[in-house]
**Q** 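Pasting a structure here, questions to come.
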Amino acid sequence: MDSSVASSSGAAATPEAAGTLDAALPKTYDPAGTEARWQAAWEQAGAFHPDPAAPGEPFSVVIPPPNVTGSLHMGHAFNTALIDTIVRFQRLQGKNVLCLPGTDHASIAVQTILEKQIKAEGANKDDLGRDAFFERAWAWKAQSGGTIVGQLRRLGYSVDWKRERFTLDPGLNKAVVEAFLRLHAQGLIYRGEYLVNWCPASGSAVSDLEVEMKEVEGSLWHLRYPLTPVEGEPIDHLVVATTRPETMLGDTGVAVNPSDPRYAHLVGRSITLPLVGRQIPIVADEHVDPAFGTGCVKVTPAHDPNDFAIGQRHGLPQITVMAKDGTTNEAAGRFAGLDRFEARKAVVAAMEAEGLLVKTEPHRHSVPYSDRGKVPVEPLLSTQWFVRTEPLAARCRTALDNPAGPEPRFVPERWSKVYRDWLTDIRDWCISRQLWWGHRIPAWFVVSETGGVITEATPYVVARDEAEAWAKAEAQFGAGAQLEQDPDVLDTWFSSGLWPFSTLGWPGEATAAGPGPGAAGEAPQEPADLATWYPTSVLVTGFDIIFFWVARMTMLAGAFLQEPAPDQPDSANPDAPARERPVGGRDSWIPFRDVYIHGLVRDENNRKMSKSAGNGIDPLLLIERYGADALRFALVREVAGAGQDIRLDYDRQTDTSATVEAARNFANKLFNATRFALMNLGGETPASLGEPVPAELESEDRWILSRLTRTSTQAAELYGSYRLGEAAKLLYEFAWNDLCDQYIEWAKPRLFGDDEAARTTARRVLARSLEALLVMLHPLMPHLSEDLWHAVTGAEASEFLALQRWPQPDPAWLDASHESAFQFGIDAVRSIRNLRALSGVKPAEKLPIGIHTPTAARQDFVIANQGKISRLVGASELHWEAEPTAGQLLGIVDSDAQVGLTVPPQSLDALRERLQKDLAKIEKEIAGLAGRLANPNFAGKAPPEVVAECQANLAEARAQAELVGGRLGELG
RNA sequence: GCCCGAUUAGCUCAGCGGUAGAGCGCCUGCCUUACAAGCAGGAUGUCGCUGGUUCGAAACCGGCAUCGGGCACCA
């Protein structure tokens with residue numbers, strides 16, 4: 001006992017880890033100081049910096065790296081809460097857990113922000129130059145990244161900050177270059193001129209995924225195209241309908257459906273394109289819907305994806321009439337130099353002037369918008385780099401069909417369909433961006449071969465660096481070769497797509513320094529982190545980036561991690577137990593075993609929170625008001641239906657949230673429960689008190705230990721299967737209802753009394769239950785639980801709850817029949833309190849109370865717990881006769897027990913009303929049960945145990961009805 | 001057009017074959033020596049509509065309605 005007191009005060013003597021509770025014993029929990037203190041302590045101790053050679057089954061998560069575009073919003077806090085709950089739980093399971101943090105350079109988003117800033121300063125990025133721009137971008141990254149990291153720390157994220165990565169840091173650049181080279185060597189990267197989505201706002205190509213279709217109110221212009229005249233032909237023109245009249249300047253054909261009787265005979269004839277005068281052919285193409293518009297389509301292969309395809313099928317020329325800044329070019333003739341929307345007006349006006357505008361109809365249609373630029377994208381012919389996706393997607397589909405189980409496994413499962421569908425009709429991925437902020441494409445053009453300029457035909461070499469490029473170029477093109485590196489950068493998602501392995505050290509030193517992929521004699525030493533933690537255990541992310549990110553990661557992993565990793569003997573720790581992994585390397589190349597997809601955080605009006613909508617909530621505001629633990633608990637608790645969006649209530653006037661406040665109240669409840677324990681454990685700790693001795697346990701001891709055992713099994717199951725919200729609710733109920741409302745109240749007489757032995761038993765049970773609860777809650781409320789755990793256990797400051805083991809209560813404590821026996825006590829107490837309230841007895845007034853039951857076991861229970869029950873119900877004396885004494889006010893617990901008060905019956909009406917209500921309810925139940933039993937089909941077909949239960953319930957209900965009826969009769 | 005989700009107490013949501021739950025809010029009473037951020041007691045629902053399966057449906061199946069989301073997209 002004494003030694004434990006010493007260890008408790010020992011913790012208090014270490015200032016940086018002193019439990020809040022040891023000092024002034026405030027009545028309310030103040031999260032701010034506690035949270036900061038433990039965050040610092042964890043980090044200083046390197047608590048979350050795992051060793052790849054350490055024992056324990058590896059468990060790893062790479063966090064979705066937030067964009068360095070400013071600060072974090074509630075969605076990030078949600079994602080963080082979920083991931084940290086999972087990894088902290090797994091750490092408590094004794095696994096070798098790595099949670100790797102980082103941020104994403106967000107090429108186009110950051111460049112857009114910076115260009116806006118520069119523009120506001122009256123300059124543009126070209127004045128600045130590429131190097132200065134880069135410097136500025138890095139400064140921005142430092143600032144925004146710092147803010148983000150600060151926010152993640154404030155949430156208590158148990159990530160390994162020593163392994164923090166940034167998608168544009170040198171190590172990841174090496175991975176990006178290597179990935180590009182290997183894909184190129186595999187024939188999976190090509191360069192060519194295709195119609196791409198051009199964003200005039202950012203001056204870059206974007207991928208299909210970065211285009212968002214928006215419904216807009218536009219117009220459908222019907223234009224008259226005169227046929228080049230032919231003798232005897234009655235039709236002298238066609239009418240085409242278009243939403244983009246300006247593109248007619250680039251028309252190189254008109255298409256009709258081959259089976260359209262109106263026009264079939266005109267196929268092959270030519271048209272004189274108005275305003276331009278070009279002769280263009282009429283072609284027949286299945287794509288044309290005869291029922292839409294006039295059934296004639298103008299074909300502009302250089303400015304529309306469908307027209308591009310038609311043009312390809314019919315060999316039509318591609319005439320680009322638009323420049324990359326969204327203005328018409330010289331090919332637009334007299335319309336050249338106009339902004340595209342001006343050009344539209346000008347063309348329509350000109351057509352009208354020539355009497356060729358048949359009509360203009362209002363027309364609602366979808367227009368492709370650039371996600372980032374927020375302007376309509378322009379389909380434009382452009383030479384870009386592409387990844388050939390089908391072979392990569394095919395591998396992913398095969399993995400998903402793995403007969404041993406889908407890889408990855410989606411939770412909830414329905415998202416695997418979304419993932420598969422996208423991989424099934426996938427288009428090639430345009431990966432080049434005409435931006436500066438990003439990974440420069442590792443390709444050098446041999447410009448000497450094409451007269452010093454870069455064209456589509458310019459040959460190139462891909463290389464790890466300039467020296468290698470020169471070597472390759474000279475070998476291929478001779479010493480006179482002139483090189484120029486491609487000025488473009490790669491799509492951000494190209495580097496994000498490598499995240500689960502690039503952050504773990506892929507491709508490793510030997511390979512990177514080696515002569516090239518597949519070269520002989522190469523003996524790549526797989527990085528230890530990769531060997532231990534790849535594939536990662538689970539990816540936790542929102543459904544909105546399944547295509548952008550999840551699928552890109554699986555596709556790229558398929559290109560690089562197919563080969564089994566070499567066996568890595570555990571040299572640093574030869575005695576370590578064998579890993580649960582196949583000898584010879586990883587069991588899958590898919591970068592994560594599970595993909596846990598969560599919903600979005602919506603605002604109080606059920607709108608998606610987003611920066612652009614301006615309805616985001618700064619997590620820091622709520623953390624400051626309620627604490628990080630409260631915010632985390634609130635977010636996780638809301639997520640019981642996995643994959644469902646969550647709605648966070650929020651009052652923008654006062655920056656308050658009832659949901660988070662409820663979680664804060666729970667934190668305070670735990671704080672006070674622990675405070676109560678500290679005040680009543682007499683300076684002892686769970687360890688110094690020792691195990692509860694079965695023979696000494698009282699009723700509530702056995703009950704709470706059984707509940708604890710049950711809860712610990714259930715909570716582990718829930719956490720382990722990503723049912724985090726359910727775990728949160730379960731523990732909330734155990735803590736508040738079972739431990740605080742029941743156990744502590746029943747145990748108080750012993751804790752406050754002088755019976756040393758009884759007090760010790762109660763202390764043992766209380767200490768053990770509370771400690772186990774704190775461990776179980778740790779994944780959800782890490783700071784509070786860490787703090788309280790230190791206070792309760794007196795653990796050294798250098799020890800952490802975060803690194804303890806999940807509670808292993810003795811299974812022998814599980815006792816369902818005792819749980820229901822004790823439930824009688826709870827129910828009896830409630831019945832008495834109800835009766836007191838009903839009869840208007842003052843809470844402070846003590847009065848004689850009876851519990852009446854003919855059952856011996858229950859009588860024994862009442863006798864054994866007389867003092868406790870008396871205290872709980874405010875009894876001056878407690879009777880336990882089998883039958884009620886005359887003149888008492890009676891309440892029904894169940895058919896086998898009644899409770900009674902001896903008071904002047906001043907509230908008979910209230911009691912009568914209550915009994916009548918009870919009776920009505922019971923009779924309704926009887927009618928239902930009797931009806932069911934009367935149905936011969938039920939008795940014949942329902943399982944016998946259900947029938948028996950039904951009969952038992954009916955008997956119970958009838959007995960209760962009789963009791964209630966009798967009481968009503970007495971009341972008159 | 002194709003696919004997915006949701007619809008349960010005033011609000012936010014669990015429950016997903018045995019006859020309805022939680023938190024918040026609400027009503028009543030309590031500063032009971034851990035906690036008023038608390039305690040005790042209480043009220044509150046034709047589980048969207050409609051067929052079907054079943055002895056039995058909030059739950060399973062079909063249709064419908066409303067809301068939300070994704071994909072595709074005809075000029």
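Letters go in sequence order (proteins before strands), and every chain restarts at 1.
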**Q** Between B/C13, B/A34, B/G69, spot the one nearest the side chain of A/Arg675, thanks.
**A**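 In terms of side-chain proximity for A/Arg675, the closest of B/C13, B/A34, B/G69 is B/A34.
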**Q** Using a cut-off of 4.0 Å on non-hydrogen atoms, how would the nucleic acid contact of A/Cys296 be classed: base, sugar-phosphate, or nothing?
**A**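 Contact class for A/Cys296: none.
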**Q** Determine whether any donor atom in the side chain of A/Arg664 lies under 3.5 Å from an acceptor atom in the base of B/A37, or the reverse, and answer yes or no.
**A**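 Result: at least one qualifying N/O pair found.
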**Q** When you get a sec, tell me which of B/G23, B/A34, B/C55 is the closest nucleotide to the side chain of A/Lys748?
**A**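 Between B/G23, B/A34, B/C55, the one nearest the side chain of A/Lys748 would be B/A34.
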**Q** Look at all strands and tell whether A/Val288 reaches a base, only sugar-phosphate, or nothing, counting heavy atoms closer than 4.0 Å.
**A**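 A/Val288: base contact, heavy atoms under 4.0 Å.
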**Q** Which nucleotide, B/G23, B/U19, B/A34, lies nearest any side-chain atom of A/Ala673?
**A**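 Of all the options, the side chain of A/Ala673 is nearest to B/A34.
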**Q** For A/Arg932, report the nucleic acid contact type (base, sugar-phosphate, nothing); a contact means any heavy atom under 4.0 Å.
**A**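 A/Arg932: base contact, heavy atoms under 4.0 Å.
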**Q** Does A/Pro936 reach a base, just sugar-phosphate, or nothing at all? Heavy atoms under 4.0 Å.
**A**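 Answer is nothing: A/Pro936 stays at 4.0 Å or more from every strand.
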**Q** Taking atom C1' in both B/G45 and B/C11, what distance in whole Å separates the two?
**A**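 Looking at atom C1' only, B/G45 and B/C11 are 14 Å apart.
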**Q** Taking only N and O in the side chain of A/Arg427, is any of them less than 4.0 Å away from OP1 or OP2 of B/A72?
**A**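 For B/A72, OP1 or OP2 has a side-chain N or O of A/Arg427 closer than 4.0 Å.
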**Q** Would you say A/His222 places a side-chain N or O within less than 4.0 Å of OP1 or OP2 belonging to B/A75?
**A**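 The answer is no; no side-chain N or O of A/His222 sits under 4.0 Å from OP1 or OP2.
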**Q** Where is the tightest heavy-atom contact between A/Asp307 and A/Lys298, given as atom of each residue plus distance?
**A**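 In this case the closest contact between A/Asp307 and A/Lys298 is OD2-O, 3.3 Å.
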**Q** Before you tell me yes or no, could you show the steps for A/Asn935 and A/Arg932 under side-chain hydrogen bond (donor to acceptor under 3.5 Å, both in side chains), namely the whole-Å CA-CA distance, both residues' side-chain angles and the distance that decides it to 0.1 Å?
**A** CA-CA 5 Å; A/Asn935 181 350; A/Arg932 195 141 43 112; over 6 Å; no
**Q** Between B/C31 and B/A37, how far apart are the C1' atoms? Round to whole Å, please.
**A**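 Roughly 15 Å separates the two C1' atoms.
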**Q** Using a cut-off of 4.0 Å on non-hydrogen atoms, how would the nucleic acid contact of A/Asn834 be classed: base, sugar-phosphate, or nothing?
**A**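 Sugar-phosphate contact only - A/Asn834 comes under 4.0 Å of backbone atoms but never of a base.
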**Q** Please determine if a side-chain N or O atom of A/Asn665 lies less than 4.0 Å away from the OP1 or OP2 oxygen of B/G38.
**A**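 So the side-chain polar atoms of A/Asn665 do come within 4.0 Å of the phosphate oxygens OP1 or OP2 of B/G38, strictly under.
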**Q** Spell out yes or no: do the side chain of A/Lys27 and the base of B/C35 have one donor N/O and one acceptor N/O closer than 3.5 Å?
**A**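 No.
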